[in-house]
Amino acid sequence: MPDPNRLAQTTTTRVPRIFANASGAAEHLTKLADSVDEFAHRSGGIARIRGLRGTQHEHDAAIWKQMADLGWLGILIPAHYGGLGLGLSEMAIVAEGLSRMLAPEPYNAVVALATTVILESDNEVIKSEQLPHIASGDILPVLAWQEEAGNLDSAVVASTAVAVDNGYRISGCKKYIAGAAQADAFLVSARDGSDLMLFWIPRECKGVLLQSETLADGRLFGTLTVQDAWIPAPQRIAHGATAVAALATGLDFATVVASAELCGVMDRVLEITLDYMKTRVQFGKPIGSFQALQHRAVDLYMHSQFSNAVLEEAAQTISPNTDATARALLASRVKARCSDAALRIARESIQIHGAMGFTDECDIGLYMKRALVLAAWLGNATHHRRRYAQLTIAAAA
Amino acid sequence: MPDPNRLAQTTTTRVPRIFANASGAAEHLTKLADSVDEFAHRSGGIARIRGLRGTQHEHDAAIWKQMADLGWLGILIPAHYGGLGLGLSEMAIVAEGLSRMLAPEPYNAVVALATTVILESDNEVIKSEQLPHIASGDILPVLAWQEEAGNLDSAVVASTAVAVDNGYRISGCKKYIAGAAQADAFLVSARDGSDLMLFWIPRECKGVLLQSETLADGRLFGTLTVQDAWIPAPQRIAHGATAVAALATGLDFATVVASAELCGVMDRVLEITLDYMKTRVQFGKPIGSFQALQHRAVDLYMHSQFSNAVLEEAAQTISPNTDATARALLASRVKARCSDAALRIARESIQIHGAMGFTDECDIGLYMKRALVLAAWLGNATHHRRRYAQLTIAAAA
Amino acid sequence: MSIRPDYNALDDEDFRRQVRTFFEAEYPPELRYILRRTRWPEMKTWWDRLHAQGWVAPNWPVEWGGMGLAAGKMLIYLDEMERHGVARTPDQGITHIGPIIIRYGTEQQKRHYLPRTLSGEYIWCQGYSEPNAGSDLASLQSTAVLDGDHLVINGQKIWTSVADCATHTYVVVRTDKTAAKKQLGISLIIVDLKTLGITIRPIRNIAGHASFCQVFFDNVRVPRENLVGKINDGWTVAKALLSFEHLVIGSPRRPQYALRRIELIARARGMFSDQGFVDRYIALKLELEDLNSLFVRFVEQVKRGETLAPDVSMLKIWNMDTWQRLTDLLVEIGAEEGVLDGIREFSGAEADILQCFYYARPGTIYGGSNEIQRNIMSRYVLKLPLSS
Amino acid sequence: MSIRPDYNALDDEDFRRQVRTFFEAEYPPELRYILRRTRWPEMKTWWDRLHAQGWVAPNWPVEWGGMGLAAGKMLIYLDEMERHGVARTPDQGITHIGPIIIRYGTEQQKRHYLPRTLSGEYIWCQGYSEPNAGSDLASLQSTAVLDGDHLVINGQKIWTSVADCATHTYVVVRTDKTAAKKQLGISLIIVDLKTLGITIRPIRNIAGHASFCQVFFDNVRVPRENLVGKINDGWTVAKALLSFEHLVIGSPRRPQYALRRIELIARARGMFSDQGFVDRYIALKLELEDLNSLFVRFVEQVKRGETLAPDVSMLKIWNMDTWQRLTDLLVEIGAEEGVLDGIREFSGAEADILQCFYYARPGTIYGGSNEIQRNIMSRYVLKLPLSS
């Protein structure tokens, strides 16, 4: 059997990546992409990911620290909180590059999702205390918000917060928490009647139990059970409209970044597959010379490039100041496109690889599994098309 | 330009037709198919259809009479009413064969739909008076039941029947009546409160106005406006549960026969297209040697054969004694499959023919137009899948 | 001639507003959203208005009477045309042979043909395709032979739009049968359609219109100076300007008309409360929204003056596929009304569903079929081995 | 051995009832609906029960200890297996090499191998595919050379199911490199896996199971009498029985398991009131219903003793495509639960969605990929010209 991993490391085919056509002010993005690539390879590539599978270590703490040193953990954090104060385009580039090498680090969960929620909250003490530590990689908070599979409405919260003794008693169960395995703190949503609140809950807090379950791609989803946990009032990071908006903004940002990760998966798996089509011989010819496969490969390429184009538009357009509806529409549009495209490209890549694509030792399966997880997390394509519909059809009808 | 019609008349490719694999008791069906073919060719083929386009003569009265002489108009009519007393399989074979040559005669509308409704009604006088004339081709009744586009529920009737002076005053508007252009009588559904009734209304009846509109395939849909028309009581052919059941049975029968007509269209257009792929040269090779087109052609062939298989099952299974739900499920299954398949095969055939497929002088367009009409008439694929869903999901859920 | 405004100096939005205002004020409303190819007599009034405004040829340089629009402004002009449903006039002279003459023509050709094309005195049709050279244009079999100062043309052309109301055609013909490659030995020649030996046969399409013709050449003698560019160099000349055409053909505006019809009917029929319909509608709507994202990416490249890579074909493939799928859905939701000829009424909304459906069909065929586009992408973008 | 009942004489429904009753009573419930290939140790109890009943080999003739089922009865037997979720045992000996030995083997081979295969003493794996001869089996490169009374085998086989718990394998190898066509000069040889020079490397699949192996042959010497059929005639021998296999592989039962999981979850989540979901669910359900109509048509042909035409490939193509689309939908409706490993719980219903998804993947690859099947259909059914 040809060594499948050798193929994966050294493809000769290059599929244009996100921002590959960037010019002028955006040219720094292609340089950033190169340095992420170089980092991802240097940090062990896919062999590292295979090594972490089946352990309770979802990611490498050392790698995380190196990413902090490169400034990547503070991309969205303003300079006065110790970050770089950049935008979604830079974040997308880093996320895409790490995802191409299937890095398991909870980059999106911590650096996009949790960080944005904190930034959009109004607890200045937490911000000045924690954001610098996030940027330096010393603390990893993740957002614990979802309570039911398939329900992506962050305002639907059954968890309760009852005001007592300079603080709150919190109870509830949060599921599908990405990055939970090695997280130090959780941002937890809970409700006091009609008032939605967000709390900073350290992992070691009394009344808090974390369980982990294995995902298709070897990473973990956490389930956080909170039972009558007492949280001091200063750890409430937002409530009311501010909390609702912070959650919505954070989730939309993370949805765009997850789409960038999907772009990384699909572009890379397509490169591997195109290389395979050029080298694998059947019936005396490279299989890439069969027209039926060629046309399918062209379709996959189109799906990749459409995904990239929408991602670029979303990343360039969305900022914390974007109108909430416009932001939601773009986020849903890009997640729907990228989820479908990545799954399609991964599935077809297995088919094109034939029996080898079904083996664990071939990297294609790993890419497909990452695509499965990213497509489902934060809402799959159908969910996002329906959200788009809800936001637009009133206008059309 | 190669003469497109020459191609259409003399394909060398044969796609297995419905009942092509019939054996034993069903072998007479293949013989019947041959005689329908021979008749359809002899009666003028597609040139005849082109000649009738744009006239108010939807079909040839002389051809109709010849069909009567062959016994084809009495296939479903029992011998004691002057018919052959055969079943849906024979009817499907004749309908399929006529449809292959795009015959415009309202065979289904009169001989399957209206005839079955009369047979399933309980007005013995009308049956003994009219059925022999239908079988002999002397009278052409059609069913006027639908009132709203896309609404296929025959029990939803706004037309009214009020009992007066040994008869009924009828008012209402019936649309999308196939075969109306040269019909002699209409079977009209109307409602007296909760009682659904069916009436035999001669074309020349006072208070009845027929208008015609042109369909994609050059045939016509009639709109029948009935205003205070007085119909004598003996012309009520059924009411209540009998009327409801007669309508349902007739529509399901006609749905199966329309599916047979769709099979005729798709199988024939596929033959023409496969022939074209073998003869049309581009880039120095017959286009049928390009693998991408080959695989598409295989897919089209599969859709044709799946359609045929379901049609055979439906035609062989359904009789007037079939349980109503089982009958409805089969009728919906076959119409959904055949509508989708015929449209798909016709559309792709145009694409495979290139610019020539877009010309009126190429027969492909005629087949596509017939497919459009047959797919929409009596409920399109989506409608029938949903009817299937309604009838089954209670069980699944 | 008065001094022309420098449109390129205008702000994009100013220019867009100016174009939109003009179209809304001057374009004959009864000609909005015509799906078929228009014919000269019905478009003449509009042409004259454009001519009076100096707007017949947005793509021509100012010195030859055009608007001299840069790529970005040009796209705005086209965008506004499609938005308002402004039909294309029989404008092959403006979009195609005009620019070719400007680039490759002699001074004499420029002075003769360009003003007459602008004024509408000369109406052009393109003679490229042949019965056995459609997708495979290099296989063309029409010939021209030098005979003294004349070229003698024999052969036939097909799928020639508006040939029956044109005054001139420009044809590619084989002038050297001994050339090493099929693409060589081809020349581009202007032919006055009144020349002896030309027969024009209109061909009706499935939508019922004679939108194109077959043109037969039987020993047609034209002066040698009708050659455009060098003899045997016609392939290069004819293939010029193609990448911008691919961009224009990839604009999502065209299918959007079908999308609007779907919305009208769905609204009239209350289908927006049907989740099954909504799922399909939104999926198609997003195909167009996302197409627009990619389209804009290419537009930015054109605006920056970059040459478009062959993967611009993606736009056309996606656009035409989506357009067809939209009209498929349109027919479906039209139900029985969707298969009746003519404009149908849906609780106040109107649509000619069948015309929409018919005119979406050739989208995947003309200008290089979607199959050919995929072959090109496979070879030049993905660099996959030639299918032998 | 007692006198065996003549199953073929039974009424179909009687036979079906008898089979169903036996499976329901005797099959270990914890082994129902296993998607992965089973391994010998876990299946041994069931094998012994089958053996005691005389039902290990439904397809073998009675004289060799089989049930001697005719095609129609055989399909009922398989149908009931799938209905009840009875897993396939490591049964290549029963389904494949057994019938080959019965048809092509020597009397001695029959007497030696058949009873031991039936009893479970010999467990078989198939050695056909090679790293460079998967879809293109005729390109195999393993060789066997005659050396006195022995054949010396070199090369490697891959995608060999259950090789790690098998006792024997049967391989196709090249015995004549000078043959005019690639399909000639191939032989089928039985190899005891204990023979010196054999290395077995299990290969883990994406579902996490070692369901197949790579088998290396390094100067493996086997007695010449291990040849099945004539030397250099192995292609014919190996390709026997294929059309019935295509029929079996086209049975819609397999994807129906995925459909049931979808229904369970949809019910638990109240999705049957979501018209968008219902539209997609019903479309897929009808793919299977309609597949069954076509399947029955082929079954009738088999029952009538007719040879199946190559278009029987349709069943497999459709079946596997539908199966994959079903598991795609399953993952989708599973949402976050659909991408977690192991058996997940949905308001009382249970499903291992990822295993369903993974095991549907190779369906379009093994036994001739869907692409190869389409090539075959194009050539032998549609009679389209060879793609050169």
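Proteins come first, then strands; the chains are lettered A, B, ... in the order of their sequence lines, and each starts at number 1.
- The salt bridge (Lys or Arg N to Asp or Glu O under 4.0 Å) analysis of residues 210-220 of chain A, with sequence neighbours excluded, yields the pairs A:Glu213-D:Arg344, A:Asp217-A:Arg219, A:Asp217-A:Arg370.
- Looking at D:Arg269, only its side chain comes within 4.5 Å of chain A, counting heavy atoms on both sides.
- Within the 4.5 angstrom heavy-atom criterion, no atom of A:Arg344 approaches chain D.
- At a threshold of 4.5 Å between non-hydrogen side-chain atoms, the residues A:Thr359 and D:Asn205 do not count as touching.
- Side-chain atoms of A:Lys369 come within 3.5 Å of backbone N or O of D:Ile206 as a donor-acceptor pair.
- A distance of 9.5 Å separates CD1 of D:Ile203 from CE of A:Met356, quoted to the nearest 0.5 Å.
- When heavy atoms are compared at a cutoff of 4.5 Å, D:Phe277 approaches chain A solely by way of its backbone atoms N, CA, C and O.
- Using a distance-only test at 3.5 Å, with no hydrogens or angles considered, a donor-acceptor pair links the side chain of A:Gln351 to the main chain of D:Thr364.
- For the pair D:Glu332 and A:Arg385, the salt-bridge criterion is not met [side-chain N within less than 4.0 Å of a carboxylate O].
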Problem set entry | Step-by-step side chain to side chain contact (heavy atoms under 4.5 Å, CB included) determination, D:Val339 to A:Trp377 | CA-CA 9 Å; D:Val339 294; A:Trp377 187 50; over 6 Å; no
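- Ranked by heavy-atom pairs shorter than 4.5 Å toward chain D, the options A:Gly365, A:Ser339, A:Gly354 are led by A:Gly354.
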Problem set entry | Step-by-step side chain to side chain contact (heavy atoms under 4.5 Å, CB included) determination, D:Glu336 to A:Lys175 | CA-CA 9 Å; D:Glu336 293 83 359; A:Lys175 295 181 175 176; over 6 Å; no
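- Between chain D and the options A:Leu343, A:Thr382, A:Leu378, A:Leu152, heavy-atom pairs under 4.5 Å are most frequent for A:Thr382.
- Every residue two or more places apart in sequence or in another chain that forms a side-chain contact (heavy atoms from CB on, under 4.5 Å) with A:Ser154 is listed here: A:Trp145, A:Leu247, A:Leu251.
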For this session: I would like to know whether A:Phe290 and D:Asn375 meet side chain to side chain contact (heavy atoms under 4.5 Å, CB included); could you show each step before the answer?
Result: CA-CA 11 Å; A:Phe290 294 111; D:Asn375 288 345; 5.9 Å; no
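- Residues of residues 314-323 of chain D placed with any heavy atom under 4.5 Å of a heavy atom in chain A are absent; none qualify.
- With chain D as the partner, the residue from A:Ala355, A:Gly150, A:Ala292 showing the most heavy-atom pairs under 4.5 Å is A:Ala355.
- Interatomic distance, D:Asp341 CG to A:Leu215 CG, rounded to the nearest 0.5 Å: 7.5 Å.
- Atoms CG and OH, on A:Asp360 and D:Tyr358 in that order, are 10.0 Å from each other to the nearest 0.5 Å.
- Only the side chain of D:Leu354 comes within less than 4.5 Å of a heavy atom of chain A; its backbone N, CA, C and O stay farther away.
- A:Leu209 CG: more than 12 foreign heavy atoms inside a 6.0 Å radius.
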For this session: Starting from the C-alpha separation in whole Å, work towards a yes-or-no answer on side chain to side chain contact (heavy atoms under 4.5 Å, CB included) for D:Glu371 and A:Arg296.
Result: CA-CA 12 Å; D:Glu371 291 77 31; A:Arg296 270 161 68 178; 2.6 Å; yes
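- Heavy-atom distances place no part of A:Gln291 under 4.5 Å from chain D, backbone and side chain included.
- Contact tally against chain D (heavy-atom pairs below 4.5 Å) for A:Gly284, A:Ala376, A:Ala216: the top residue is A:Ala216.
- Heavy atoms of A:Phe358 lying under 4.5 Å from chain D belong to its backbone as well as its side chain.
- Counting only residues at least two apart or in different chains, salt bridge (Lys or Arg N to Asp or Glu O under 4.0 Å) contacts with residues 350-365 of chain D comprise D:Asp328-D:Arg361.
- In terms of heavy atoms, A:Ala149 sits closest to D:Ala335 at C-CB, 4.5 Å.
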